[in-house]
Amino acid sequence: MDAVLRAAAVYVLLLIVLRASGRRTLGELTAFDFVLVLIIGEATQQALVGRGYSLTNAAVVIVTLVGLDIVISLVKRRWAAADRWIDGVPMVLVEDGRPLKDRMRKARVDEADVMAAARGSRGLERMSQVKWAVLETSGEISIIPK
């Protein structure tokens with residue numbers, strides 16, 4: 001019965017905290033958001049099954065982590081340099097049908113990845129049909145056809 005009560009309490013806590021944090025926390029995952037989810041998952045797991053880990057301790061950890069995520073989002077909104085440092089900037093990988101090899105190597109993306117995105121999003125068949133291919137901060141490749 002203790003496990004059921006713990007699970008219900010953690011569920012309600014997470015529901016309240018994530019709803020209070022706003023939609024941004026549940027939107028596209030950045031690297032920091034991904035780390036946040038992993039740590040919250042660990043804190044939640046410890047609260048659910050851990051003997052020496054109290055629900056209060058889990059609540060403090062979860063609220064602290066979500067609070068830090070909110071603070072980081074506010075800092076990014078206020079200072080563009082912080083946003084660029086935390087989330088990065090989009091990177092052009094293809095310009096007028098020419099792959100920019102140095103940038104692709106730096107981003108660990110090859111021509112096959114770009115062409116998969118071009119076929120999937122725009123139905124393009126050749127690199128020469130791509131005006132721009134941009135690696136977005138989310139990791140997605142955006143294609144602008146010629």
Side-chain angles (χ1 to χ4, degrees), residues 6-50 52-146:
R6 282 177 167 269
V10 169
Y11 177 82
V12 169
L13 170 71
L14 286 172
L15 184 64
I16 292 168
V17 169
L18 291 176
R19 292 292 291 159
S21 69
R23 292 180 188 257
R24 188 214 161 271
T25 305
L26 300 174
E28 278 188 20
L29 286 178
T30 64
F32 286 96
D33 295 331
F34 181 67
V35 170
L36 175 73
V37 168
L38 290 176
I39 295 172
I40 286 176
E42 177 64 20
T44 303
Q45 183 267 335
Q46 291 295 326
L48 291 173
V49 298
Y53 202 80
S54 71
L55 286 173
T56 305
N57 194 25
V60 168
V61 168
I62 291 167
V63 169
T64 300
L65 291 170
V66 172
L68 285 172
D69 187 56
I70 292 169
V71 168
I72 288 172
S73 71
L74 294 173
V75 166
K76 289 184 338 184
R77 185 183 315 160
R78 184 166 179 129
W79 293 291
D83 184 35
R84 286 190 306 273
W85 185 78
I86 292 170
D87 287 339
V89 294
M91 179 186 297
V92 175
L93 301 174
V94 175
E95 183 176 13
D96 289 323
R98 291 184 338 253
L100 303 175
K101 300 286 188 183
D102 56 329
R103 292 183 186 180
M104 292 174 78
R105 193 172 20 264
K106 182 179 178 183
R108 294 184 313 278
V109 173
D110 60 18
E111 288 183 39
D113 296 326
V114 173
M115 285 310 302
R119 284 189 305 275
S121 68
R122 300 294 182 169
L124 303 180
E125 299 173 348
R126 295 178 307 284
M127 188 69 75
S128 62
Q129 296 173 306
V130 177
K131 181 175 182 177
W132 303 98
V134 180
L135 180 63
E136 304 293 349
T137 59
S138 65
E140 180 182 345
I141 299 174
S142 297
I143 302 294
I144 294 96
K146 284 187 177 181

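Between the CE atom in Met91 and the CD atom in Glu136 there is a gap of 11.5 Å [rounded to 0.5 Å]. Here Trp132 contributes atom CH2 and Asp96 contributes atom CG; the two are 6.0 Å apart, rounded to the nearest 0.5 Å. Between the CD1 atom in Ile39 and the CG atom in Asp69 there is a gap of 11.0 Å [rounded to 0.5 Å]. Distance CZ/Arg84 to NZ/Lys76: 13.0 Å, rounded to 0.5 Å. Atom CG of Asp83 and atom CZ of Arg78 lie 14.5 Å apart (nearest 0.5 Å). To the nearest 0.5 Å, atom CD of residue Gln129 and atom CE of residue Met115 are 7.0 Å apart.
Thr137 approaches Gly88 most closely through the heavy-atom pair CG2-O, 3.3 Å. The two residues Leu13 and Ala59 make their nearest non-hydrogen contact at CD2-CA, 3.4 Å. Contact detail for Ala43 and Ile62: the closest heavy-atom pair is CB-CG1, 4.3 Å. For the residue pair Leu124 and Pro145, the shortest heavy atom distance occurs at CD1-CB, 4.0 Å. Taking all atoms of both residues into account, the shortest heavy-atom contact from Ile143 to Ala133 is CD1-CB, 3.8 Å.
With Met104 as the partner, the side-chain contact (heavy atoms from CB on, under 4.5 Å) test is satisfied by one option alone out of Val114, Leu135, Asp113: Val114.
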For Arg77 and Leu74, run side-chain contact (heavy atoms from CB on, under 4.5 Å): C-alpha distance rounded to whole Å, both residues' side-chain angles, the deciding distance at 0.1 Å, then the answer.
CA-CA 5 Å; Arg77 185 183 315 160; Leu74 294 173; 4.1 Å; yes
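Scored by the salt bridge (Lys or Arg N to Asp or Glu O under 4.0 Å) test, Glu111 finds Lys101 as partners (sequence neighbours excluded). Residues forming a salt bridge (Lys or Arg N to Asp or Glu O under 4.0 Å) with Lys106 (at least two apart in sequence, or on another chain): none.
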